[in-house]
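Have a look at this one before I ask anything.
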Amino acid sequence: MTTDEILDELELIFPNAECELIHKNAYELLIAVILSAQTTDVSVNKITPALFERFPTPQLLAKAELSEIEPYIHSIGLYRNKARSIKGCAAALVEKHQGIVPSTMKELTALPGCGRKTANVVLSVAFNVPAIAVDTHVERVSKRLGLAKPDDSVLEVEKKLKRKIKRERWNKSHHLFIFFGRYLCMARNPQCERCPFQSICKRKKIEAVS
DNA sequence: ATCCCGAGGG
DNA sequence: CCCTCTGGAT
């Protein structure tokens with residue numbers, strides 16, 4: 001099964017795969033993605049409307065006290081780190097980028113709380129730059145599908161995916177893998193009966209080793 | 001390698 | 001109860 005055939009099949013199963021984080025602009029997307037670390041986007045979407053109503057611009061968020069930010073995001077977990085990250089990120093946007101979200105990997109990953117995965121999502125979704133963000137879902141399903149080796153790092157997974165997938169399909173592929181991992185090839189109880197990739201799946205082999 | 005850390009699902 | 005969730009900083 002070629003990589004293109006895998007992607008074609010995923011497009012049939014998930015024709016509406018796209019970013020599910022609520023956002024009105026690049027600033028809101030960046031903050032939402034930072035908040036989404038180790039948290040479901042359903043949880044993030046519950047709190048971002050009120051957060052962005054209170055802090056609609058990086059200028060306002062940068063000036064806020066952590067004690068005022070934390071209650072808005074408490075329910076998503078890791079809230080102290082995330083409050084520091086989004087406040088620091090907003091401050092950096094104001095001080096170094098005139099309040100505008102930058103559109104390069106180098107500038108994005110220099111922002112507090114914004115690592116390579118977050119930067120790739122912002123590049124892809126906000127700026128339509130070809131990118132593949134490798135998160136927990138993408139890493140897991142890439143290895144199960146045999147597109148990466150079991151002990152590959154996330155960066156190695158990203159490189160292999162970019163090598164095997166044509167550039168025009170990078171942005172869509174990311175969301176196809178996310179939806180596949182979220183709704184079918186789950187970490188805990190994958191729905192193997194409904195999966196069209198049983199013949200190529202490496203899961204048994206991977207879990208036998210670990 | 002470890003910490004952060006609440007909500008939701010099984 | 002345990003595991004997982006679109007990770008990043010130290």
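Throughout, protein chains are lettered first and strands after them, A, B, ... in sequence-line order, and every chain is numbered starting at 1. Worth saying up front: this structure is predicted, and the values here are computed from it rather than measured.
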Checklist entry - If the P atom of C/dA9 is compared with that of B/dA7, how far apart are they to the nearest Å? => result 24 Å
Checklist entry - What is the nucleic acid contact for A/Ala187, judged by heavy atoms within less than 4.0 Å: base, sugar-phosphate only, or nothing? => result sugar-phosphate
Next on the checklist: Classify A/Thr136 by what it touches in the nucleic acid, base, sugar-phosphate, or nothing, heavy-atom distance under 4.0 Å.
Outcome noted: sugar-phosphate
Checklist outcome for this item: Residues pairing under ring-ring contact (aromatic ring centres under 6.0 Å, His included) where one sits in residues 119-170 of chain A, two or more places apart or in two chains, turn out to be none
Checklist entry - Taking atom types as modelled, is there a side-chain donor on A/Thr39 or A/Ser36 under 3.5 Å from an acceptor on the other? => result no
Item to check | Candidates A/Leu176, A/Ile165, A/Ile200, A/Val141 - the one meeting side chain to side chain contact (heavy atoms under 4.5 Å, CB included) with A/Ile6 | outcome: A/Ile200
Checklist entry - Would you say the side-chain atoms of A/Asn171 pair up with the backbone N or O of A/Ala131, donor to acceptor, closer than 3.5 Å? => result yes
Checklist entry - Are A/Tyr72 and A/Tyr79 an aromatic pair by the rule of ring centers under 6.0 Å? => result no
Checklist entry - Just checking A/Arg84: base, sugar-phosphate only, or nothing, at a heavy-atom cut-off of under 4.0 Å? => result nothing
Checklist outcome for this item: Contacts of A/Leu111 and A/Ile178 projected onto DNA chain C by closest heavy atom; the upstream (5') one is A/Ile178
Checklist entry - Should we count CD of A/Gln191 as having more than 12 external heavy atoms under 6.0 Å? => result yes
Item to check | Residue whose nearest DNA chain C nucleotide is more 5′ - A/Glu18 or A/Arg188 | outcome: A/Arg188
Item to check | Pairing of A/Arg54 and A/Glu68 as salt bridge, 4.0 angstrom limit | outcome: yes
Checklist entry - If you pin A/Asn81 and A/Lys46 to their nearest nucleotides in DNA chain B, which one's is more 5'? => result A/Asn81
Checklist entry - How is A/Leu29 classified with respect to the nucleic acid when contacts are heavy atoms under 4.0 Å: base, sugar-phosphate, or nothing? => result nothing
Checklist entry - 5' to 3' on DNA chain B, which nucleotides open and close the contacts with chain A (atom under 4.0 Å from a heavy atom)? => result B/dC4 to B/dG10
Item to check | DNA chain C: 5'-most and 3'-most nucleotides touching chain A, 4.0 angstrom heavy-atom criterion | outcome: C/dC3 to C/dA9
Next on the checklist: At 4.0 Å (heavy atoms only), tell me whether A/Ser85 reaches a base, stays on the sugar-phosphate, or touches nothing.
Outcome noted: nothing
Item to check | Charged N-O contact under 4.0 Å between A/Arg182 and A/Glu20 | outcome: yes
Checklist entry - Base, sugar-phosphate, or nothing: which does A/His74 touch, judged by heavy atoms less than 4.0 Å apart? => result sugar-phosphate
Checklist entry - Would A/Lys160 and A/Glu156 pass as an ion pair if we require N to O under 4.0 Å? => result no
Item to check | Euclidean distance for P, B/dA1 against C/dT6 (whole angstrom) | outcome: 25 Å
